[in-house]
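One structure below.
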Protein chains: 2
Amino acid sequence: MQSPVANDYQLASFTDMTTLLDNDELLNALRQTGARITKPRKLIIQILADKGDEHPDAMEIFRRAVRRDSRISLPTVYRTLKMLEEHGAIQKHAFVDGRSRYEPADGPHHDHLIDMDTGAVIEFQSEKIERLQEEIARELGYEIVHHRLELYGRKTKA
Amino acid sequence: MQSPVANDYQLASFTDMTTLLDNDELLNALRQTGARITKPRKLIIQILADKGDEHPDAMEIFRRAVRRDSRISLPTVYRTLKMLEEHGAIQKHAFVDGRSRYEPADGPHHDHLIDMDTGAVIEFQSEKIERLQEEIARELGYEIVHHRLELYGRKTKA
DNA sequence: ATGCAAATGCAAATTATTTGCAATAAGGAA
DNA sequence: TTCCTTATTGCAAATAATTTGCATTTGCAT
């Protein structure tokens with residue numbers, strides 16, 4: 001059912017997230033900060049760049065990494081994630097369940113709809129909401145640096 | 001500078017948050033679920049109802065509680081917070097620092113604008129944003145149970 | 001006032017994440 | 001390529017936040 005007017009939101013779609021994370025630019029940028037491009041780091045960066053199941057937490061990243069190289073350790077995963085976050089390459093999200101989840105920080109900003117039953121995370125983006133946020137902040141005398149919007153909900157029964 | 005049209009947002013103002021939490025209504029409601037109104041519970045509810053420094057975490061609530069009754073324990077604080085949350089009386093927020101912070105859930109829902117320089121938290125509410133959120137969720141096949149919107153910003157230089 | 005289930009306090013367990021340290025391995029220099 | 005320096009790793013142990021088991025206490029309905 002198509003609405004006659006354009007939707008005021010869009011599902012986020014990253015046409016080329018992979019190249020943004022998994023490329024020489026990032027690796028070089030990291031190298032230039034004095035960081036060494038080690039095997040575990042390359043692996044973790046690849047995993048983060050893999051589309052598919054989004055927003056893995058540290059343990060999930062660790063599990064995926066172990067599959068490809070059983071010698072990797074959890075602390076290294078944490079250390080690499082922290083490094084990438086400080087570098088601005090990924091973003092850390094704190095959801096209510098206690099764990100932190102990570103995702104590439106490139107691409108346009110988007111918000112999250114979390115399925116309370118399955119834990120699935122749907123990304124969307126709404127121009128209107130962004131504009132409203134800015135307007136509100138402006139009238140309160142503020143300039144938005146970044147924001148976070150999370151909707152928690154359940155599938156409506158068909 | 002007043003706009004000719006009504007603002008689409010409002011600063012949240014709880015004229016009487018205290019009575020909402022610290023009153024017989026809540027106590028009776030709790031009693032009716034089979035819960036017992038114990039001394040520690042009354043204390044914690046009072047502390048949460050106290051305005052002033054908002055969004056305390058569990059440890060902070062515990063510290064304040066101990067001041068008034070040194071026999072109280074941290075687990076009881078956690079257990080009471082969980083109970084109140086399940087009852088819908090308070091809301092739990094997970095900020096990025098790992099800890100969870102709590103605040104009364106009564107009154108209308110509101111969102112947060114966080115001053116990145118001072119850490120000040122300004123509460124506001126926007127009907128329009130709420131509606132947009134629901135619309136988006138609906139079109140994605142979801143029903144919103146609750147949400148969280150945080151704007152991080154800096155004061156615009158006069 | 002009395003009894004019983006709910007709630008408490010304590011200590012110990014969990015869960016997520018971090019840190020100390022000896023061993024390993026990037027990657028620039030020779 | 002080999003060597004050297006030092007960042008990084010893996011392991012085990014440490015933290016930090018929160019939860020749980022259990023014996024004891026305490027609301028509160030009778």
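Every chain is numbered from 1 and lettered A, B, ... according to where its sequence line falls, protein lines coming before strand lines. The structure presented is a predicted model; accordingly, all values stated were derived computationally and were not measured.
Put simply, NZ on B/Lys42 is 14 Å from P on C/dA7, counting in whole angstrom units. Distance B/Arg36 CZ to D/dT24 C1': 14 Å, rounded to the nearest Å. In this entry the distance linking CG of A/Leu74 with C1' of C/dT18 reads 11 Å, nearest Å. Between A/Leu43 atom CG and D/dT8 atom P there is a gap of 17 Å when expressed in whole angstrom units. Following rounding to the nearest Å, A/Ile37 (CD1) and D/dT8 (P) show an atom-to-atom distance of 9 Å. Separating the CD1 atom of B/Ile72 from the P atom of D/dT25 is a distance of 18 Å, rounded to the nearest angstrom. If you measure from atom CD of A/Glu86 to atom C1' of D/dT8, you get 15 Å, rounded to the nearest angstrom. Between the CG atom of A/Asp57 and the P atom of C/dT17 there is a distance of 7 Å, given to the nearest Å.
A salt bridge links B/Asp50 with B/Arg68: the closest approach of a Lys/Arg side-chain nitrogen to an acidic carboxylate oxygen falls below 4.0 angstrom. Under the 4.0 Å criterion applied to side-chain N and carboxylate O atoms, A/Arg131 and A/Glu127 are assigned as salt-bridge partners.
B/Glu150 and B/His112 form no side-chain donor-acceptor contact under 3.5 Å, judged by distance and modelled atom types alone. If you check the side chains of B/Asp57 and B/Tyr102, you find no donor sitting under 3.5 Å from an acceptor. Side-chain N/O atoms of A/Glu60 and A/His55 include no donor and acceptor closer than 3.5 Å.
Each of B/Gly34 and B/Val77 lies near DNA chain C, and the nucleotide nearest B/Gly34 is the one positioned closer to the 5' end. Along DNA chain D, the nucleotide nearest to B/Pro75 and the one nearest to A/Asp69 differ in position, and the one closer to the 5' end is contacted by A/Asp69. Both A/Arg71 and B/Thr80 lie near DNA chain C, and the one whose nearest nucleotide falls closer to the 5' end is B/Thr80. Nearest-nucleotide positions on DNA chain D for A/Thr38 and B/Met59 put A/Thr38 closer to the 5' end.
In terms of phosphate contacts, A/Thr76 brings no side-chain nitrogen or oxygen within less than 4.0 Å of OP1 or OP2 of D/dT8. In terms of phosphate contacts, A/Tyr78 brings a side-chain nitrogen or oxygen within less than 4.0 Å of OP1 or OP2 of C/dT17.
Listed nucleotides: D/dT9, C/dA7, C/dC10. Nearest to the side chain of A/Arg41: D/dT9. Here the nucleotide nearest the side chain of B/Lys82, chosen from C/dG9, D/dT20, C/dT18, is D/dT20. Nearest to the side-chain atoms of A/Arg31 among the listed nucleotides C/dA16, C/dG9, C/dG27 stands C/dG27.
A donor-acceptor contact under 3.5 Å is not formed by the side chain of B/Arg79 with the base of C/dT8.
Pairing for C/dA5 is with D/dT26, a Watson-Crick or G-U wobble pair whose two hydrogen-bonding atom distances lie under 3.5 Å.
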